[in-house]
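Report on the following structure.
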2 protein chains.
Amino acid sequence: MQLTLHTDYALRVLIYLAMHPNQRVTITELSTFFNISRNHLVKVVHNLGLKGFIQSVRGKNGGLYLSRSADQIRVGEVVRQMEANFHIVECFNPQKQGVCPIQGKCKLTSLLCRAKEQFLKELDGTLLSEVLLNK
Amino acid sequence: MQLTLHTDYALRVLIYLAMHPNQRVTITELSTFFNISRNHLVKVVHNLGLKGFIQSVRGKNGGLYLSRSADQIRVGEVVRQMEANFHIVECFNPQKQGVCPIQGKCKLTSLLCRAKEQFLKELDGTLLSEVLLNK
DNA sequence: TATAAGATGTATTTTAAATACATCTTTAAA
DNA sequence: TTTAAAGATGTATTTAAAATACATCTTATA
């Protein structure tokens with residue numbers, strides 16, 4: 001069980017932007033700092049923009065910045081929005097309905113649902129501004 | 001974020017065995033019932049045996065049964081044992097140490113660790129005997 | 001108006017997971 | 001004591017999702 005690198009990278013981008021407020025940060029700067037494929041970061045950044053977490057300015061002297069300040073962004077919200085396949089098991093996937101013969105009768109489903117909620121609840125309790133770097 | 005089908009199948013196997021106590025259940029029976037590749041189930045069953053959840057009897061009239069009764073098996077224990085890559089993000093993976101430049105300073109790590117524990121804690125609170133089928 | 005920035009669509013590569021195949025070992029019934 | 005039914009185990013292949021690469025377009029400002 002793991003989050004995708006896409007979500008992981010999204011969190012890193014937000015942390016970096018939060019630590020450089022009142023600045024326009026370029027994708028190239030992020031890519032160099034984190035040593036991540038620039039092309040991949042472009043997708044992550046684009047997605048963060050679509051989900052409303054960041055704003056971008058095109059053209060010369062352009063770059064990225066947080067839409068809201070870091071103390072207005074809950075970590076759980078980022079993970080919920082960025083993680084595409086949040087289906088803990090097969091029967092949670094809308095495209096796999098009816099595959100498992102005990103679906104609907106099996107009580108694992110509601111348990112796993114509660115477990116997932118506990119996971120997210122913990123993340124909802126923390127703000128982006130609280131996970132910035134020590135020292 | 002999802003559990004592997006391997007873990008999913010393991011849970012299904014345990015549920016089936018729990019619902020057929022005092023019997024020897026064959027892999028073929030499980031494979032037919034769940035409509036799962038028999039070859040894949042063989043691996044899952046083997047792994048469940050290695051982890052001590054089930055016993056197997058080879059030869060004619062052989063089959064599988066639970067090592068402990070269903071009210072002695074916690075769901076969280078099964079997930080912990082069966083899920084191979086339980087690394088929520090890159091920096092949890094022992095083989096990816098030092099890749100992320102903010103590792104060690106970033107406070108996301110401990111947060112994600114707590115979230116993972118909350119997820120498992122919820123599963124630890126439920127016994128296999130409690131997730132059997134309704135009706 | 002040239003250039004530096006992001007936007008966007010498509011293609012390719014990589015990796016882990018899932019599945020398939022082959023053969024070996026064990027056990028009990030005929 | 002032989003045969004068939006069961007699991008054990010190692011290897012190879014396939015699949016699918018994720019990650020990465022490539023190409024081109026749009027925007028903004030110095």
Side-chain angles (χ1 to χ4, degrees), chain A residues 1-10 12-13 17 23-32 34-65 67 82-90 93 95-96 99-100, chain B residues 1-10 12-13 17 23-32 34-51 53-67 82-90 93 95-96 99-100:
Chain A
M1 191 171 84
Q2 53 193 59
L3 298 172
T4 60
L5 265 185
H6 188 91
T7 302
D8 191 350
Y9 289 170
R12 295 188 207 179
V13 166
L17 295 185
Q23 290 180 39
R24 287 180 186 174
V25 175
T26 66
I27 296 182
T28 300
E29 180 180 348
L30 287 164
S31 157
T32 301
F34 286 112
N35 196 29
I36 290 173
S37 150
R38 187 179 181 288
N39 292 298
H40 193 196
L41 259 191
V42 162
K43 311 277 179 178
V44 173
V45 160
H46 180 57
N47 198 202
L48 279 169
L50 289 178
K51 299 293 163 55
F53 293 110
I54 65 178
Q55 298 284 320
S56 62
V57 177
R58 288 183 175 190
K60 218 164 186 173
N61 296 328
L64 316 165
Y65 57 94
S67 298
M82 301 303 290
E83 191 70 13
N85 291 346
F86 223 138
H87 311 306
I88 306 294
V89 285
E90 190 178 71
N93 186 340
Q95 301 187 312
K96 293 287 175 67
V99 171
C100 179
Chain B
M1 192 171 83
Q2 52 193 64
L3 299 173
T4 60
L5 267 184
H6 188 91
T7 301
D8 191 350
Y9 289 170
R12 295 188 206 178
V13 166
L17 295 184
Q23 292 178 37
R24 287 179 186 173
V25 175
T26 67
I27 296 181
T28 299
E29 179 180 347
L30 288 164
S31 157
T32 301
F34 286 111
N35 196 29
I36 291 174
S37 150
R38 188 180 181 285
N39 293 297
H40 192 197
L41 259 190
V42 162
K43 310 278 180 181
V44 173
V45 160
H46 181 57
N47 198 202
L48 279 169
L50 289 177
K51 299 294 164 54
F53 293 109
I54 65 178
Q55 299 284 321
S56 62
V57 178
R58 287 183 175 191
K60 216 164 188 173
N61 296 329
L64 316 165
Y65 57 94
L66 293 180
S67 298
M82 301 303 290
E83 191 71 12
N85 290 346
F86 223 138
H87 311 306
I88 306 293
V89 284
E90 189 178 72
N93 185 340
Q95 302 189 311
K96 293 286 175 68
V99 171
C100 179

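In what follows, chains are A, B, ... by sequence order, proteins preceding strands, each numbered from 1. Just so you know, these numbers use all the heavy atoms, side chains as well, and skip hydrogens, waters and symmetry mates.
- In this structure, B:Gln23 places its CD atom 14 Å from P of D:dA6, rounding to the nearest Å.
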Would you give a per-nucleotide map of nucleotides 6-15 of chain C, 5' to 3', where B means the base has a protein non-hydrogen atom under 4.0 Å away, S means only the sugar-phosphate does, and - means neither? SSBBB-----
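- Qualifying salt bridge (Lys or Arg N to Asp or Glu O under 4.0 Å) partners for B:Glu90, counting only residues two or more places apart in sequence or in other chains: A:Arg12.
- Residue B:Phe86 contributes atom CZ, which lies 18 Å from atom P of C:dA16 at whole-angstrom precision.
- The stretch residues 2-10 of chain A touches DNA chain D through A:Thr4, A:Leu5, A:His6, A:Tyr9, each having a heavy atom under 4.0 angstrom from the strand.
- The shortest non-hydrogen separation linking A:His40 to A:Tyr9 is ND1-CE1, 3.3 Å.
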Return all side-chain donor-acceptor pairs below 3.5 angstrom for residues 45-64 of chain A, not counting sequence neighbours, or 'none' if the list is empty.
{"from": "A:Asn47", "atom 1": "OD1", "to": "A:His6", "atom 2": "NE2", "distance (Å)": "3.2"}
{"from": "A:Lys51", "atom 1": "NZ", "to": "A:Gln81", "atom 2": "O", "distance (Å)": "3.1"}
{"from": "A:Gln55", "atom 1": "NE2", "to": "A:Ser67", "atom 2": "OG", "distance (Å)": "3.2"}

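- As a whole-Å value, the separation of A:Asn85 CG from C:dA17 C1' is 14 Å.
- Separating the CD1 atom in A:Ile27 from the CZ atom in A:Arg38 is a distance of 5.0 Å, to the nearest 0.5 Å.
- With rounding to whole Å, B:Glu90 atom CD is found 12 Å from D:dA19 atom C1'.
- OP1 or OP2 of C:dA29 has at least one side-chain nitrogen or oxygen of B:Asn61 nearer than 4.0 Å.
- Applying the side-chain contact (heavy atoms from CB on, under 4.5 Å) rule to A:Glu83 yields the partners A:Leu3, A:Thr4, A:Thr7, A:Phe86, B:Met1; only residues at least two apart in sequence or on another chain are considered.
- Spacing between atom CD1 of B:Ile36 and atom P of C:dT19 amounts to 8 Å, rounded to whole angstrom units.
- One interatomic measurement links the two molecules: NE2 of B:His40 to P of D:dG7, which rounds to 16 Å at whole-angstrom precision.
- The CG atom of B:Leu17 lies 5.0 Å from the CG atom of B:Leu66; values are rounded to the nearest 0.5 Å.
- Nucleotide C:dA17 holds its P atom 15 Å from the CE atom of B:Met1, rounded to whole Å.
- Interatomic distance, B:His87 NE2 to A:Asp8 CG, rounded to the nearest 0.5 Å: 13.0 Å.
- Comparing B:Ser37 and B:Glu83 by the nucleotide of DNA chain C whose heavy atom lies nearest to each, the residue mapping closer to the 5' end is B:Glu83.
- If you measure from atom CD1 of B:Ile54 to atom C1' of D:dA6, you get 13 Å, rounded to the nearest angstrom.
- Residues satisfying the side-chain contact (heavy atoms from CB on, under 4.5 Å) criterion with B:Asn39, sequence neighbours excluded, are B:Ser37.
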